[in-house]
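Encoded as structure tokens, the structure appears first; notes follow it.
From a predicted model like this one, the values you see are computed outputs, not experimental measurements.
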Amino acid sequence: MPASSILWLQQQKQLLELEYQYEREQFRAQTETAGVARKVAQGYCWYPLSLGRSYYNSLNQLVIEVERTEHTDQDHGFEPGKQVCFFTQDASGETRRGKGNGGLLHYFKFTATVSYVDGNLMVIALPDGEALTRLRSGERIGVQLYLDETTYRLMFEALDRVASAKHGRLAELREVCYGAKAAERLTFHPLRFPWLNPTQEAAVNEVLRAKDVMIVHGPPGTGKTTTLVEAIHETLHRESQVLVCAQSNMAVDWISEKLTDRGVSVLRVGNPSRVNDKMLSFTYERRFEAHPAYPSLWAIRKTIRELYAHRPSGGREAFHQKIARLRDRTTELEIAINESLFNEARVIACTLAGSGNRVLAGKKFSTLFIDEAAQALEAACWIAIQKAGRVILAGDHRQLPPTVKCPEALKGGLDRTLMETIATRQPATVSLLRTQYRMNEAIMRFSSECFYDGKVESAPEVKYRGILDWDTPMEWIDTSDEEQTAPYMDLPEDIPLPPDRPQDGTPDFGEASSPDSTSRTNPQEARLTLNILKGYFTKIGKERILQERIDTGVISPYKGQVQLLRSLLRRDPFFKPFRHLLSVNTVDGFQGQERDIVLISLVRSNESGHIGFLHDLRRMNVAITRARMKLILVGDSRTLCRMSFYKRLHSYVKSLGQS
């Protein structure tokens, strides 16, 4: 790392600029060259749309409900807070829509924001009434994700402010994170928390002692959220209010729910992704419209809209004066409601980008907690840190890093997080949680030795957990070993093989490009994976699986393979009774989750030994640590074991079977 903190921030800004330009170019390519069918397949477009009702929400935003009527099982990337744009397609594309680009696309000249998503229904906030009129008058309408300019702007502004800070708390925190200033801490006798284990208790005490920064490092299953909630709860005995942030809406919602369960008053600012009554009850919007002054505010807003709709032809000055008086009154009421909501809340919760929300303008907090900090770009963290006196980061930099799309920015280190930087520079600020409560000892031990220097241990109650007697907790079914695959090769005949594969029924576990050429698939391995699961389910027994609700996750690093696995699973009647207990997703989709049984389809199988982003070992750490009792890896050892990590993993699994 450069000696100068300013130089480091300048380099971060340059890397972020590369990522921004790369995303802009990707978006341009998507809008100008990619056909609708491909956009839908890649998950960033809904087409065609059915337009539903429109109305003003509690924040006086004009919203419209839209529903997709085709490709309803297709995965997508729409979520609350994302920017979107609308388009129409020429009628000439209707008959060709499923096969290619179809007719020309025409984009509406406005952007909008996703407010809510549930299944195939989405609520989108529009910029104004004119946008709604244009949509209503259009035909063959679709919606696609748009480049999030707002978050980039906030990140660039944050880096500039941090770099230019000459004095004050922001400059001090910058020097603690990047410069020569050592992190300071208070000294007092440790407090006791008998309901926590010793390393969790130590972490809470370190949070309370920290004056600048502190890290709660939580490997899989070690109770990071439990520890963080306790630390926040204890901090609130000393401070009136704290700010709690995370990179994603889902992570913010999760920590918010846990805090609410502890009786903490939470005000959730931004767009919640878990839309249920419990979640909505502590959102800013729901609290806002439940305030006693809200009916008056709504009535005045309605009056203003009606006045504009029936604007008189004469008396323009009197009209504008009346509107001005009404607007002044709405501003007064908004300020009063806003102050009331913030004064009542002990925790303000939002995403890192959401901390730049206008309702938080000018607000300062003694302590900022950043959950899942290892998944956030450094620049995003600084958006929130500007509002804080000290910073507590929680997460695990040995699991999934932030998503960086630009290869050059990735090579330059944009995926290196603030948490990782501080952990490297100031190791004394790190408190490692060492007792895990999720996995069988054998599953945990490999992860502990490879990623945590062997420091993570199993709690006694999970050490020997399993489903079947005399079962091996980890298995690797090697697709290059016919003896291992043969027992599972009673494969259905209705699933087509890729055209370059043998059609004589001979198993060929070679990888292939997915239909849209954006991912990888391995059709034979997908079929084998589900047959292995069938065999294991048969050993357990249908009644026991259903009675004990034994849940299963099928994971693949490749989205194309995930889609193929889902398709096969839906078509197989064997799995119909178990579908509510089965989930299939990418590694990223399983982050933060756990299952009794996990199968991992590794996909890569080729003569050259190329394994793509399986080189990212943090991704594999996430995948193998999702399993509580049984982990089955399915993959080609000849391809994968050319890399030392997979050779070590393969040898470790084989040793378990021999012991």
Side-chain angles (χ1 to χ4, degrees), residues 1 5-6 8-13 15-16 150-185 206-207 210-217 228 231-232 235 239 241-248 251-252 255 269-270 347-395 397 402 414 416-426 429-430:
M1 175 183 288
S5 59
I6 307 300
W8 173 258
L9 288 164
Q10 289 171 346
Q11 290 180 349
Q12 283 291 302
K13 186 176 178 181
L15 293 173
L16 190 63
T150 302
T151 298
Y152 273 109
R153 175 181 57 78
L154 290 170
M155 288 194 289
F156 284 125
E157 289 174 354
L159 289 176
D160 286 341
R161 287 197 191 98
V162 177
S164 62
K166 304 297 183 186
H167 49 74
R169 192 59 183 143
L170 188 59
E172 291 174 354
L173 287 174
R174 178 192 67 210
E175 295 309 308
V176 170
C177 294
Y178 305 127
K181 181 175 170 55
E184 297 183 14
R185 60 200 292 272
E206 288 304 313
V207 168
K211 294 179 69 176
D212 300 309
V213 297
M214 185 269 171
I215 292 172
V216 179
H217 184 186
L228 192 61
I232 294 169
T235 299
E239 300 171 17
Q241 193 176 71
V242 299
L243 178 62
V244 176
C245 293
Q247 173 65 20
S248 68
V252 178
I255 191 72
V269 175
V347 168
I348 309 301
C350 59
T351 62
L352 291 164
S355 65
N357 192 300
R358 62 178 181 82
V359 301
L360 289 169
K363 296 194 179 296
K364 297 288 184 180
F365 302 87
S366 297
T367 303
L368 162 66
F369 290 87
I370 303 179
D371 194 13
E372 300 296 355
Q375 289 184 269
L377 293 173
E378 286 199 19
C381 290
W382 284 108
I383 299 172
I385 293 174
Q386 297 173 88
K387 299 180 177 295
R390 67 182 189 126
V391 187
I392 311 300
L393 302 104
H397 49 283
L414 187 61
R416 182 184 174 92
T417 62
L418 184 63
M419 178 176 172
E420 191 173 356
T421 298
I422 297 170
T424 301
R425 289 200 63 259
Q426 307 237 24
T429 64
V430 180

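- The two residues C177 and I422 make their nearest non-hydrogen contact at SG-CD1, 3.7 Å.
- Put simply, the side chain of L170 reaches to within 4.5 Å of the side chain of V162, judged on heavy atoms.
- Using a 4.5 Å heavy-atom cutoff, the side chains of L243 and C350 are in contact.
- Distance NE2/H217 to CD/E420: 10.0 Å, rounded to 0.5 Å.
- Between atom CG of residue N357 and atom NZ of residue K363 there is a gap of 11.5 Å, rounded to the nearest 0.5 Å.
- Taking 4.5 Å as the limit, some side-chain heavy atom of M419 sits within range of a side-chain heavy atom of H397.
- Nearest heavy-atom pair, A246 versus A251, reported as atom, atom and distance to 0.1 Å: CB-CB, 3.6 Å.
- Distance CD1/I255 to CG/L228: 4.5 Å, rounded to 0.5 Å.
- Looking at heavy atoms from C-beta onward, I383 lies out of side-chain contact with E157 at the 4.5 angstrom threshold.
- Between E378 and R416, no side-chain nitrogen of the basic residue sits less than 4.0 Å from a carboxylate oxygen of the acidic one, so the salt-bridge criterion is not met.
- Contact between Q241 and F365 at its shortest, heavy atoms only, is OE1-CE2, 3.4 Å.
- Counting heavy atoms from C-beta outward, F369 and T235 have side chains that approach closer than 4.5 Å.
- Nearest approach of R390 to A210, heavy atoms of both residues: NH1-O, 2.8 Å.
- Between L418 and I385, some side-chain heavy-atom pair lies under the 4.5 Å cut-off.
- The shortest non-hydrogen separation linking A353 to T151 is CB-OG1, 3.9 Å.
- Contact detail for S5 and E175: the closest heavy-atom pair is OG-OE2, 2.6 Å.
- Side-chain contact of S248 with Q375: a donor-acceptor pair under 3.5 Å is absent, judged by distance alone.
- Panel note: side chain R185, backbone T429; no donor-acceptor pair is recorded below 3.5 Å.
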Can V244 and D371 be said to form a side chain to side chain contact (heavy atoms under 4.5 Å, CB included), step by step?
-> CA-CA 8 Å; V244 176; D371 194 13; 5.5 Å; no
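- Here K211 pairs with E184 in a salt bridge; the nearest charged N to carboxylate O distance falls below 4.0 Å.
- Contact of the K387 side chain with the L368 side chain is not registered, since no non-hydrogen atoms from C-beta on lie closer than 4.5 Å.
- Formation of a donor-acceptor pair under 3.5 Å by the Q426 side chain with backbone atoms of A183 is found in this model.
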Begin from the C-alpha positions of R169 and D212 and carry the test side chain to side chain contact (heavy atoms under 4.5 Å, CB included) through to its verdict.
-> CA-CA 9 Å; R169 192 59 183 143; D212 300 309; 2.6 Å; yes
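- Atoms CG and NZ, from L173 and K181 in turn, are 9.0 Å apart once rounded to the nearest 0.5 Å.
- A donor and an acceptor atom, one from each side chain of Q12 and W382, are nowhere located under 3.5 Å apart.
- Counting heavy atoms from C-beta outward, T417 and P402 have side chains that approach closer than 4.5 Å.
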Show your reasoning for whether side chain to side chain contact (heavy atoms under 4.5 Å, CB included) applies to M155 and L159.
-> CA-CA 6 Å; M155 288 194 289; L159 289 176; 5.7 Å; no
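- Between E206 atom CD and I215 atom CD1 the span is 12.0 Å, to the nearest 0.5 Å.
- Here CZ of R174 is found 8.0 Å from OG of S164. Values are rounded to the nearest 0.5 Å.
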